[in-house]
Amino acid sequence: MIEIFIEDLNQKFTFNEGITLKDILKNLNGKFKDVVGGKLNSEIVDIHTPINQSGNLKFLKKEDKESLEILRHSLAHIMAQALKEIYGDENVHLGIGPTTEHGFYYDVEIEGKRLTDEDLPQIEEKMKEIIKKGYQIERFELPREEAIKFFENKKEIYKIDIIKHNIPEGEPISLYKQGDFVDLCRGPHLPSTDKAGAFKLIYVSGAYWRGKETNPMLQRIYGVAFWSEKELKDYLNMLEEAKKRDHRKIGKDLELFLIDEEIGGGLAIWLPKGAIIRKEIEDAWKKEHLKRGYQLVYTPHVGKEQLWQTSGHLSLYQENMYPRMQIEEEGYYVKPMNCPFHVEIYKSKQRSYKELPIRLAELGTVYRYERSGALHGLMRVRGFTQDDAHIICREDQVEDEIREVLNLALNTLKSYGFDEFEVYLSTKPEKYVGDDKMWEIAENSLRKAIESTGLDYKIDEGGGAFYGPKIDVKIKDAIGRLWQCSTIQFDFNLPERFDMYYIGEDNQKHRPYMIHRAIFGSIERFIGVLLEHYAGFLPVWLSPVQVKIIPIADKHLEYAETVKQKLLENDIRVELDDRNERMNKKIRDAELQKIPFMLVVGDKEAETGTVAVREKGKQGSQTLSIDEFVSKIKEIISNKHAL
RNA sequence: GCCGGUGUAGCUCAGUCGGCAGAGCAGGUGAUUUGUAAUCACCAGGUCGUGGGUUCAAGUCCCACCGCCGGCUCCA
């Protein structure tokens, strides 16, 4: 017997083991008609799942977010059934069909058919038919051998693979059936197909079986799904919105950067306006780092073969490096990382314990080989600039250093308008270098630093690199997407390989701790994220053009010029639109260029020494004296405000 | 790299069944001198991604390659 506390009734019941939600609901005489599943403790169950343990049960209805899991799971099955009906049961071999954040996909192999987007409407139609038919969805179990035999008969080789490799011996093998369609599945599923909500198939693509390149490539059909048409529509609109925010489009429209096939894929050129954004970010970065006791350095883009041999990059990282080049009998490599150079700076003289911590910082441009299919605008490139630094310190300094770095990272990201973070702590993997005590000190300092911020974090047990544990920080942008930025990483490998040491109080050599860290990760990518976050409407301090002066007619050009000079004297980035165009046209163009301030000057302004200030996106204007405007915008700039 | 899609003027795109390569914006010239999101006229702009093939004839059909887009993989 098991005891189930049903939250919706606020009452405890005793049932036989193996009871299902369906039975429970039946006992309640159909009082809960709209229940699509349940949540037993923290696990989502459907109405078919036998319940074998006592616990808390909450009915899931459509309003409950978690019920989407059930809907999407069933839609994956409905899609699979549709594919089998269209292309023939024996031709369609099913892979996996999981749910995703907004929908579901199914990886399938279809003999004799390569799907394209044009096939999607037909599949959708068939799915709708299946939904309309309202097949009851049933769950049943088979013994392992029978299950394998069952799928062998159906030539479902991937399902057999799953049974053999993913389901431990002795565990029950559950299958779900709707109409003639049967699939290996642990659920959860809807009571019947006609309970399915609104969905749309959005693309097909290739996906390796089990994500492994050496495995055959299956066809992935991806759908989005919600309970209501409205939610679906909202989501599709959001996708459209994301498309408008695409930094590649904004970069082109606002002439910020260029990625051109003549130059090479993944190699970004910064145009004058984009270069300003980058300069502002880099200047602020340098200023902040100097304030916090970092020393700025510059290192070359290539280094000798021996250096990369010593660092271990040639044996561990070579597949990401560009090939060797030969210069006068010597081999050289373009740098994929800055670390070895910073290590050499440390080693350039004997170090005393009194000098530590040493914090070496560099906006170092590195080059890494990326496969052509992986390149994506500024987000994924082959040459990028890391806001890199290496902290070399004593054991007793580790904790403070980590806390300071995390503090710097979060404060910096906040100053760019990001205030939602996801923090991950990755700990010691199976294979590692360094001794256990160092790992322990390092992991503890990382954990303590995160806990001091009060942020939630996730632990990736065993997810650290072989050379040290790390913290990763992801930021959430305006439309809810996550981007990896900061990383704080211990390195127990390089100090060993390069024999780094300092002379301690005891006059003995000691091995220092080395911490590798970046706040933005990559400047290029960070700017890409900024552009998408702000949809191109950057905060005023980052705007390439902060003010556009718009004379009404040619006769106002002279006054406009004096306004421009006044702003230039105050370090404000200003352009004068002296084209022979109508004011309306100039305003429109300035709006399209996402320029935060427009100053319209005509007879009135020239006479009174004022400007008519129009803020981007707002109609109408406010008349201010030139000085008033200057102090207003200067304040906005120094506070890094967005409009 | 792999799967699918796609490639026409600086940009956004049209181009029917294979039959003389188009529009809007941007650019140039001129007119106009304008009060809060597009003034008008004229001009110029093309190896239709590249290379092969089929055909009397290819932007259009076929093949290969390249780039880009969406995924897979990988990751800053």
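Just so it is clear: chains get the letters A, B, ... in the order the sequence lines come, proteins before strands, and each one is counted from 1. What's counted below: heavy atoms across the whole structure, side chains too, no hydrogens, waters or symmetry copies.
With salt bridges taken as basic N to acidic carboxylate O contacts below 4.0 Å, one links E575(A) and K548(A). A salt bridge links E282(A) to R278(A): one of the charged nitrogens lies within less than 4.0 Å of a carboxylate oxygen.
Looking at the side chain of S205(A), the nearest of the listed nucleotides C75(B), G71(B), G35(B) is G71(B). With A76(B), A38(B), U34(B) as the choices, the nucleotide that has an atom nearest any side-chain atom of K585(A) turns out to be A38(B). Side-chain proximity of D554(A) to the nucleotides U36(B), C72(B), U33(B) is greatest for U33(B). Nearest to the side-chain atoms of Q619(A) among the listed nucleotides G5(B), U73(B), A37(B) stands A37(B). When each of G70(B), C74(B), G35(B) is scored by its nearest atom to the side-chain atoms of E605(A), the top-ranked nucleotide is G35(B). Picking from A76(B), C74(B), A37(B) the nucleotide with the shortest atom distance to the side chain of A374(A) gives C74(B). Side-chain proximity of I552(A) to U34(B), U73(B), A37(B): nearest is U34(B). Set against U36(B), U39(B), A76(B), the side chain of R368(A) has A76(B) as its closest nucleotide. The side chain of K252(A) sits closest to U12(B) out of U12(B), U73(B), A37(B).
Side-chain nitrogen and oxygen atoms of R248(A) include at least one within less than 4.0 Å of the OP1 or OP2 phosphate oxygen of C69(B). Q219(A) has no side-chain polar atom (N or O) that falls below the 4.0 Å cut-off from OP1 or OP2 of G4(B). Contact check, S372(A) against G1(B): a side-chain N or O comes under 4.0 Å of OP1 or OP2. Close to A37(B), at under 4.0 Å from its OP1 or OP2, lies no side-chain N or O of K594(A). Listed pair R371(A) / C74(B) fails the phosphate criterion, with no side-chain N or O lying under 4.0 Å from OP1 or OP2.
A cation-pi geometry, defined here as NZ or CZ lying under 6.0 Å from the six-membered ring centre and within 45° of its normal, does not hold between R210(A) and Y158(A). A cation-pi contact, defined as under 6.0 Å to the ring centre and within 45° of the axis, is absent between K212(A) and Y208(A).
Contact annotation for K586(A): no contact, since no heavy-atom pair falls under 4.0 Å across all strands. V381(A) comes within 4.0 angstrom of a nucleotide base, judged by non-hydrogen atoms across all strands. Using a 4.0 Å heavy-atom cutoff across all strands shown, A612(A) reaches at least one base atom of the nucleic acid.
Shown here, U47(B) forms no base pair; nothing in the strands shown gives a Watson-Crick or G-U wobble contact with both key distances under 3.5 Å. With both pairing distances under 3.5 Å, U39(B) is matched to A31(B) as a Watson-Crick or G-U wobble pair. Across all strands shown, the partner of G7(B) is C66(B), judged by Watson-Crick or G-U wobble contacts whose two distances both fall under 3.5 Å. Across all strands shown, U55(B) has no partner, as no Watson-Crick or G-U wobble contact with both distances under 3.5 Å is found. Remark: C75(B) base-pairs with no nucleotide in the shown strands. Criterion, Watson-Crick or G-U wobble with two distances under 3.5 Å.
If you measure from atom CE of M217(A) to atom C1' of G1(B), you get 9 Å, rounded to the nearest angstrom. Protein atom CD of E370(A) is 6 Å distant from nucleotide atom C1' of C75(B), rounded to whole Å. Look at NE2 on H376(A): it is 12 Å from C1' on C68(B), rounded to the nearest Å. Between the NZ atom of K212(A) and the P atom of C74(B) there is a distance of 11 Å, rounded to whole Å. Atom-to-atom, CD1 of I587(A) to P of A38(B) comes out at 9 Å; the value is rounded to the nearest Å. Look at CG on D117(A): it is 11 Å from C1' on U6(B), rounded to the nearest Å. Between the CZ atom of R582(A) and the P atom of A31(B) there is a distance of 18 Å, rounded to whole Å. D260(A) places its CG atom 12 Å from the P atom of G67(B), with the value rounded to the nearest Å.
Partner of F520(A) under the ring-ring contact (aromatic ring centres under 6.0 Å, His included) criterion, chosen from F384(A), F418(A), Y416(A): Y416(A).
Between the side chain of D387(A) and the backbone N or O of I519(A), at least one donor-acceptor pair lies under 3.5 Å.
More than 12 heavy atoms of other shown residues, nucleotides or ligands fall within 6.0 angstrom of atom NZ in K616(A).
Taking for each of F384(A) and K618(A) the nucleotide of RNA chain B with the nearest heavy atom, the 5'-most of the two is the partner of K618(A). Where K470(A) and A553(A) each meet RNA chain B at their nearest nucleotide, the meeting point lying more 5' is that of A553(A).
Straight-line distance between the P atoms of C63(B) and U6(B): roughly 13 Å, to the nearest whole Å. Nucleotides G4(B) and C65(B) are separated by 13 Å at their P atoms, to the nearest Å. Using C1' as the reference atom, U36(B) and A21(B) are 41 Å apart when rounded to the nearest Å. Nucleotides A64(B) and G5(B) have their P atoms positioned 13 Å apart, rounded to a whole Å. Taking atom C1' on both G49(B) and C69(B), the two are 15 Å apart, rounded to the nearest angstrom. If you take atom C1' in G46(B) and the same atom in A23(B), they sit 14 Å apart, rounded to whole Å. Taking atom C1' in both C40(B) and G24(B), one finds a spacing of 16 Å when rounded to whole Å. The P atoms of G15(B) and G27(B) are separated by 27 Å, rounded to the nearest whole Å.
Between the base of G1(B) and the side chain of Y208(A) there is a donor-acceptor pair shorter than 3.5 Å. For A38(B), its base never sits under 3.5 Å from the side chain of E591(A) at any donor and acceptor pair. Side-chain N/O atoms of N584(A) and base N/O atoms of U36(B) include no donor-acceptor pair closer than 3.5 Å.
Remark: ring of Y203(A) does not overlap the six-membered base ring of G71(B) in a stacked fashion, as centroids less than 5.5 Å apart with planes less than 30° apart are not both met.
Taking both residues in full, the closest heavy atoms of G264(A) and I259(A) are given as O-CG2, 4.4 Å, listed atom of the first, atom of the second, then distance. Minimum heavy-atom separation, L592(A) to L254(A): O-CD2, 3.7 Å.
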